[in-house]
Amino acid sequence: MIRLFDSAHGQVRELTLRDPGQVSMYVCGPTVYDLPHLGHGRFTLVWDVARRWFTFQGLLVHYVSNITDIDDNIITRASREGTSEELVAKTYEKSWWDAMDALGVAYPDDVPHATQYVAQMVELITQLLEGDVGYKTSDGIYFDVSRVPDYGLLAGQPLDSLRAGARVETNDEKRSPLDFVLWKNAKPGEPSWPAPFGEGRPGWHTECVVMSLELLGEGFDLHCGGFDLRFPHHENERAQAVAAGVRFAQHWDHNGWVMVGDEKMSKSLGNFTSLTDLLDKNDARAYRLLVLRSHYRSPIEVTPATIGDAERALARLDGLARRFGLVALAGHHLEVKDDFSWSGAALELYEHVAAALNEDLDTPKALAQLFEALSSANALADGGHEEEARELAVALNALFGALGLSLVSASAVVDEISQALVNERDGARTAQNWTEADRLRGELVDLGWTVEDSPSGTLIRRP
RNA sequence: GGCGGCGUGGCCGAGUGGUUAGGCAGGGGCCUGCAAAGCCCCGUACUCCGGUUCGAAUCCGGACGCCGCCUCCA
């Protein structure tokens with residue numbers, strides 16, 4: 001049984017599946033008008049981990065995440081740069097997938113682009129207009145939130161109190177400040193599509209509700225995104241589905257914020273803002289580990305210090321991979337439990353990790369258990385219990401892989417000069433010429449190697 | 001104004017009323033020719049004030065501080 005927080009209920013609930021053995025999930029993707037930032041990195045990592053974990057346990061996951069390729073921000077950028085909306089979207093979508101690649105976020109099963117679903121959006125809006133839930137103003141079509149009895153479910157507040165706090169600009173034509181735009185009338189020079197109610201383009205909230213239903217069908221299982229999407233975006237998606245008489249997501253979940261200390265973000269302070277930047281400077285796995293280390297609904301702080309901390313922890317994982325010659329897993333491949341064998345300490349570890357992850361995706365708890373097992377594996381090997389140690393190490397590799405973390409044992413290619421120094425040093429050590437051995441170690445270190453002695457002789461690797 | 005969250009050891013960060021979270025950094029030890037890697041041991045923390053309880057970081061009340069959402073936003 002998988003239990004997961006449900007934003008619609010404000011508590012952890014069992015994730016009941018529409019089709020047993022299958023999970024249908026929709027994760028709100030980016031609007032591609034700029035480089036991806038740390039927040040994008042977090043939400044993609046969090047839900048990538050959920051997807052991987054569901055898959056690992058044997059569930060068939062249908063994972064859909066969209067690209068919003070038409071939007072005010074895209075239009076603004078295109079006109080500012082004197083280029084087309086299409087080119088802006090293409091450019092930043094490329095950056096998006098490059099970053100996802102680097103992060104080891106697996107490609108979704110489906111990636112709907114908003115511009116490809118305009119016809120279906122027009123259909124939905126037509127239906128809402130017919131029911132008088134949608135209404136015309138001079139600049140477009142709006143949705144009348146008062147027509148949805150439980151509007152405010154995801155916000156956790158009734159309509160009245162939401163309205164009281166509304167900071168939206170007053171628009172005399174709107175029936176309520178909370179009403180949101182379904183369709184924006186075409187403006188000269190902006191992309192637009194034909195519709196019976198007038199040429200224009202869809203509102204953001206309409207895009208996601210249409211795409212998720214189109215690809216996952218009525219009453220799909222899980223709808224996720226960042227905390228800020230809870231209201232109004234997800235509230236409004238849901239409102240449209242309710243008004244259209246369609247069963248929508250059965251479970252809602254939202255991940256927490258990325259903080260960058262209380263300092264303003266700026267390059268001069270060494271704070272990272274763009275994901276692209278972070279990935280240029282650090283091991284991408286460090287961000288995944290950082291994300292896994294705190295609960296997905298808590299805020300996390302991303303600073304050079306916390307990233308560095310995670311990178312050093314990663315070194316221990318890679319040390320295990322080196323010691324046991326483990327093959328790197330994860331990446332684009334989603335691991336499945338049944339591809340590994342489980343018994344003894346490995347099975348026990350799996351069960352503990354599964355218990356943690358199936359209780360609201362408690363990755364910190366799972367990680368604590370994995371790190372403890374990592375020490376055990378090394379201790380067993382130190383004690384000469386090779387078999388047991390190896391079994392545990394293989395299980396650890398599988399479980400880290402289930403979370404999308406690759407353990408890397410491959411050391412850099414050793415050039416001829418370095419290899420000659422290694423050979424020389426082994427000779428010196430055999431001859432017990434410690435002075436010479438130390439001098440040669442110094443040379444290797446100067447060449448940027450980390451030098452370790454082992455039963456089989458000098459080992460060098462890149463730190 | 002409404003709704004919600006948070007304040008834990010040097011740092012990050014979990015925590016279901018009583019028994020070790022975990023990681024990083026630091027100290028000691030084992031191993032090693034010396035190192036590195038690895039293993040073992042160590043810090044006895046929980047914003048403050050009351051209360052409930054045999055017992056609270058964990059429940060209740062209050063104070064202080066911080067943050068998020070109510071507008072585009074991951």
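Since this is a predicted model, take the numbers as computed values, not measurements. Reminder, nothing fancy here: chain letters follow the sequence lines and each chain counts from 1.
- Nearer to the 5' terminus of RNA chain B, by closest-nucleotide assignment, is the contact made by A:Ala164 (compared with the other of A:Ala164 and A:Ser376).
- Taking atom CD on A:Gln157 and atom P on B:C70, their separation rounds to 11 Å, with Å as the unit.
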Does the pair A:Gln240 and A:Leu182 meet the rule for a side chain to side chain contact (heavy atoms under 4.5 Å, CB included), with working shown?
CA-CA 9 Å; A:Gln240 292 169 84; A:Leu182 296 166; 3.3 Å; yes
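- Nearest nucleotide to the side chain of A:Ala379, out of B:C39, B:G23, B:U71: B:C39.
- Spacing between B:G9 and B:G13 at atom P, rounded to whole Å, works out to 11 Å.
- Comparing the P positions of B:A56 and B:C48 gives a spacing of 14 Å, expressed to the nearest Å.
- Using a 4.0 Å heavy-atom cutoff across all strands shown, A:Gly156 reaches sugar-phosphate atoms only and no base atom.
- Taking the six-membered ring for Trp, A:Phe5 and A:Trp252 have ring centres at least 6.0 Å apart.
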Verify salt bridge (Lys or Arg N to Asp or Glu O under 4.0 Å) between A:Asp139 and A:Lys184, making sure each step is shown before the conclusion.
CA-CA 6 Å; A:Asp139 64 345; A:Lys184 300 187 183 191; over 6 Å; no
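- Of the possible donor and acceptor atoms, one in the side chain of A:Asp179 sits under 3.5 Å from a partner among the backbone N and O of A:Val145.
- One cannot find a donor-acceptor pair under 3.5 Å joining the base of B:C70 and the side-chain atoms of A:Arg163.
- Distances were taken from every side-chain heavy atom of A:Leu374 (C-beta onward) to each of B:C34, B:C39, B:C72; the shortest belongs to B:C39.
- Among the heavy atoms of the strands lying under 4.0 Å from A:Arg312 are primed sugar atoms or P, OP1, OP2 only; no base atom is included.
- Residue A:Arg323 is classed as a sugar-phosphate contact, given heavy-atom separations below 4.0 Å to backbone atoms only.
- Going from atom CD of A:Gln369 over to atom C1' of B:G22 covers 10 Å, rounded to whole Å.
- By the criterion of a centre-to-centre distance under 5.5 Å and near-parallel planes under 30°, the ring of A:Trp434 forms a stack with the base of B:G33.
- Among the nucleotides B:A74, B:G38, B:C72, the one closest to the side chain of A:His205 is B:C72.
- Between the side chain of A:Arg3 and the backbone N or O of A:Leu15 there is no donor-acceptor pair closer than 3.5 Å.
- Using bins of under 30°, 30° to 60° and over 60° for the plane-to-plane angle, the ring pair A:Phe220/A:Phe248 lands in the perpendicular bin.
- Ring geometry for A:Tyr296 versus A:Trp47: interplanar angle over 60°, hence perpendicular rather than tilted (30 to 60°).
- For the pair A:Asp382 CG and B:A37 C1', the computed distance is 9 Å after rounding to whole Å.
- For A:His40, the listed nucleotide lying nearest its side chain is B:A74; candidates were B:A74, B:C40, B:C34.
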Per-residue pairing states of RNA chain B in dot-bracket (Watson-Crick or G-U under 3.5 Å; . unpaired, | other strand) read (((((((..(((.....[...))).(((((.......)))))....(((((..]....))))))))))))....
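- Residue A:Ile75 contributes atom CD1, which lies 14 Å from atom C1' of B:C72 at whole-angstrom precision.
- Across B:C49 and B:U71, the matching P atoms stand 40 Å from one another, rounded to whole Å.
- As a whole-Å value, the separation of A:Leu229 CG from B:G4 C1' is 17 Å.
- In terms of position along RNA chain B, the nucleotide closest to A:Thr450 lies nearer the 5' end than the nucleotide closest to the other residue of the pair A:Thr450 and A:His37.
- Heavy atoms of A:Gly256 sit under 4.0 angstrom from at least one base atom.
- A:Ser7 and A:His254 share a donor-acceptor pair across their side chains, judged by distance under 3.5 Å alone.
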Per-nucleotide protein contact along nucleotides 11-21 of chain B, 5' to 3', at a 4.0 Å heavy-atom cut-off (B base, S sugar-phosphate only, - neither), is -SSS------B
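- Distance alone, capped at 3.5 Å, places no donor-acceptor pair between the A:Glu348 side chain and the A:Gly344 backbone.
- Across all strands shown, A:Arg439 has no heavy atoms under 4.0 Å from either base or sugar-phosphate atoms.
- Of the candidate nucleotides B:A74, B:C24, B:G22, B:G22 has the atom lying nearest to any side-chain atom of A:Phe371.
- At a threshold of 4.0 angstrom between heavy atoms, the contacts of A:Ser454 with the nucleic acid are absent.
- Spacing between B:G7 and B:A57 at atom P, rounded to whole Å, works out to 15 Å.
- Residue-level contact check: A:Arg316 touches the backbone only, with heavy atoms under 4.0 Å from sugar-phosphate atoms and none from bases.
- When the P atom of B:C67 is taken as reference, atom CG of A:Asp228 falls 18 Å away, rounded to whole Å.
- Taking the centre of each ring, A:Tyr63 and A:Tyr107 stay at or above the 6.0 Å mark.
- Spacing between B:C12 and B:G26 at atom C1', rounded to whole Å, works out to 15 Å.
- Interface remark: the A:Asp160 side chain does not form any donor-acceptor pair with the B:G2 base, using a distance-only criterion of under 3.5 Å.
- Between the CG atom of A:Asp426 and the C1' atom of B:G33 there is a distance of 14 Å, given to the nearest Å.
- Here A:Val258 lies in heavy-atom contact (under 4.0 Å) with a base.
- For A:Asp453, whose side chain is taken as the heavy atoms from C-beta onward, the closest listed nucleotide among B:C70, B:G38, B:C34 is B:C34.
- On the C1' atoms, B:U53 is 33 Å away from B:C42, given to the nearest whole Å.
- The distance between the ring centers of A:Tyr92 and A:Tyr33 does not fall below 6.0 angstrom.
- Residue contacts for A:Asn378: at a heavy-atom cut-off of 4.0 Å it reaches the sugar-phosphate backbone alone, with no base atom in range.
- The ring of A:Phe227 does not lie on top of the base of B:G68; it is either too far (5.5 Å or more) or too tilted (30° or more).
- Only the C1' atoms considered, B:U47 is 16 Å distant from B:U58, to the nearest whole Å.
- In this structure, a donor-acceptor pair under 3.5 Å is absent between the side chains of A:His205 and A:Glu235.
- Atom CD of A:Glu386 is separated from atom P of B:G38 by 16 Å (rounded to the nearest Å).
- Taking atom C1' in both B:G22 and B:A45, the straight-line distance is 15 Å, to the nearest Å.
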Let's go through A:Arg441 and A:Asp438 carefully: what are the C-alpha distance in whole Å and the side-chain angles of both, what is the deciding distance for salt bridge (Lys or Arg N to Asp or Glu O under 4.0 Å) to 0.1 Å, and is it a yes or a no?
CA-CA 5 Å; A:Arg441 175 165 57 199; A:Asp438 289 349; 3.2 Å; yes
